[in-house]
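What you are looking at is a predicted structure, and each value in this text was computed from that prediction instead of being measured.
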Amino acid sequence: MKGNTWFMSSLADTFEKNEVEYLYFPSKTSKGHLLCMMGNDPNEGTKNSYALAWREGLPNSAILLKGLSFISSTYYDYQNLWHGVELLTFTDTLALPHGAQMTNMIFMDRNNTVMEFFPKGWLELAGMGQYALHWLAEHSGMKHPRAWWEKLNKKECPHPGNKAECWHYYKYGLVGHNATYFAEWARAVLKQVKLSKQKSNNLNNLDTCSC
């Protein structure tokens, strides 16, 4: 994959039965190179970078960390990579924090329900992109009854007045919770799911009724 900046995808993983896949450096796959990483920004990945380099080519300021593992992939079921697909086909209600993992909703049956949760700061700072999974739910025939956004305390951001920096500050935050709201929301959603299933079953029974 010469000339491809995503060279990490060209490296073969080391795989051991019933274990996670990982990358080992230096190795035959990396042609003796070490994995070098620069930057440690926990909020903005674009400020960090990585590259392959010979050990003798490292700058004097580089710190060699031995015995670290770079996990490249892990699976719940090591024998069946499609277990997640099967699980979603039997899921009536999917409740998850906002993120790429929610795209798995496409494996659910139509008319099932998605509940989405956001960390604080998203409603005010994330822009239209935060609704992407809501739109996916609608286009996939799912029900998306509202979403939970944790309320923002504007005094928390260390860079008040700088929208971009505040967004990076909140972007990867944990999702807070309101037990009372969650309980009422979940009760209402599950009640609606139950009624919807009962209605669907009744219609199916009518369709199969002999006349």
Side-chain angles (χ1 to χ4, degrees), residues 4-6 8-10 21 42-46 71-152 163-208:
N4 193 319
T5 56
W6 298 99
M8 289 291 286
S9 61
S10 68
E21 296 178 17
N43 300 315
E44 180 50 67
T46 59
I71 303 299
S72 55
S73 185
T74 183
Y75 309 105
Y76 177 77
D77 183 341
Y78 300 105
Q79 304 302 320
N80 181 7
L81 304 185
W82 298 104
H83 72 278
V85 175
E86 183 180 13
L87 177 64
L88 267 296
T89 60
F90 293 103
T91 299
D92 293 326
T93 304
L94 181 66
L96 285 174
H98 175 84
Q101 71 278 357
M102 290 195 71
T103 59
N104 289 316
M105 74 174 78
I106 64 175
F107 301 116
M108 297 170 63
D109 289 339
R110 294 175 65 86
N111 296 318
N112 282 333
T113 304
V114 177
M115 301 172 67
E116 190 174 7
F117 305 85
F118 292 86
K120 64 177 61 177
W122 276 72
L123 180 62
E124 297 81 1
L125 302 170
M128 295 300 293
Q130 65 187 296
Y131 301 107
L133 295 172
H134 191 158
W135 300 330
L136 176 61
E138 292 181 342
H139 285 293
S140 301
M142 304 295 161
K143 298 174 182 176
H144 192 289
R146 306 192 307 275
W148 159 260
W149 283 273
E150 185 177 356
K151 292 183 178 180
L152 176 63
K163 186 176 181 179
E165 289 295 333
C166 283
W167 164 236
H168 292 312
Y169 176 78
Y170 291 116
K171 184 177 181 180
Y172 301 107
L174 299 177
V175 179
H177 70 280
N178 181 317
T180 302
Y181 178 87
F182 282 4
E184 292 299 325
W185 185 23
R187 184 180 296 111
V189 169
L190 294 178
K191 180 179 179 180
Q192 186 58 46
V193 169
K194 181 179 180 180
L195 292 174
S196 178
K197 293 295 181 182
Q198 289 176 342
K199 182 178 179 180
S200 177
N201 290 334
N202 290 337
L203 291 175
N204 290 335
N205 290 335
L206 289 175
D207 291 339
T208 58

What's the spacing between [X] [atom1] and [Y] [atom2] if we round to 0.5 Å?
X	Y	atom1	atom2	answer
H134	M142	NE2	CE	13.0 Å
L125	H168	CG	NE2	10.5 Å
S140	L133	OG	CG	10.0 Å
L123	Y131	CG	OH	5.5 Å
K143	T93	NZ	OG1	9.5 Å
M105	H139	CE	NE2	11.5 Å

Note to self: Just to verify, which of Y170, F117, F118 counts as forming a ring-ring contact (aromatic ring centres under 6.0 Å, His included) with W149?
What the structure shows: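 Single ring-ring contact (aromatic ring centres under 6.0 Å, His included) partner of W149 among Y170, F117, F118: F118.
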
Notebook entry, point to check: CG of L195: more than 12 outside heavy atoms within 6.0 angstrom?
Noted result: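 Atom CG in L195 is packed in, count exceeds 12.
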
Note to self: Tell me whether the count of non-hydrogen atoms from other residues, nucleotides or ligands lying under 6.0 Å of NZ in K163 goes above 12.
What the structure shows: no

Closest contact, heavy atoms only, [X] versus [Y]:
X	Y	answer
M108	L94	SD-CB, 3.8 Å
G173	P119	O-CG, 3.2 Å
V175	E150	C-OE1, 3.9 Å
D109	T89	OD2-O, 3.6 Å

Check: Should T113 and D92 count as side-chain neighbours, where that means a heavy-atom distance under 4.5 Å?
Finding: no

Notebook entry, point to check: E124 versus C166: any side-chain heavy-atom pair under 4.5 Å?
Noted result: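 The answer is no, as the side chains (C-beta and beyond) never meet within the 4.5 Å cut-off.
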
Next item on the list: Examine distances only and state if a side-chain atom of Q130 and a backbone atom of G127 form a donor-acceptor pair shorter than 3.5 Å.
Entry: yes

Check: Any sub-3.5 Å donor-acceptor pair from W185's side-chain atoms to P145's backbone N or O?
Finding: yes

Next item on the list: Just do the side chain to side chain contact (heavy atoms under 4.5 Å, CB included) check on I106 and L136 with the steps written out, would you?
Entry: CA-CA 8 Å; I106 64 175; L136 176 61; 4.1 Å; yes

Next item on the list: Starting from the C-alpha separation in whole Å, work towards a yes-or-no answer on side chain to side chain contact (heavy atoms under 4.5 Å, CB included) for M128 and W135.
Entry: CA-CA 11 Å; M128 295 300 293; W135 300 330; 3.9 Å; yes

Notebook entry, point to check: Are a donor atom and an acceptor atom from the side chains of H144 and E116 found within less than 3.5 Å of each other?
Noted result: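 Distance-only check passes for H144 and E116.
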
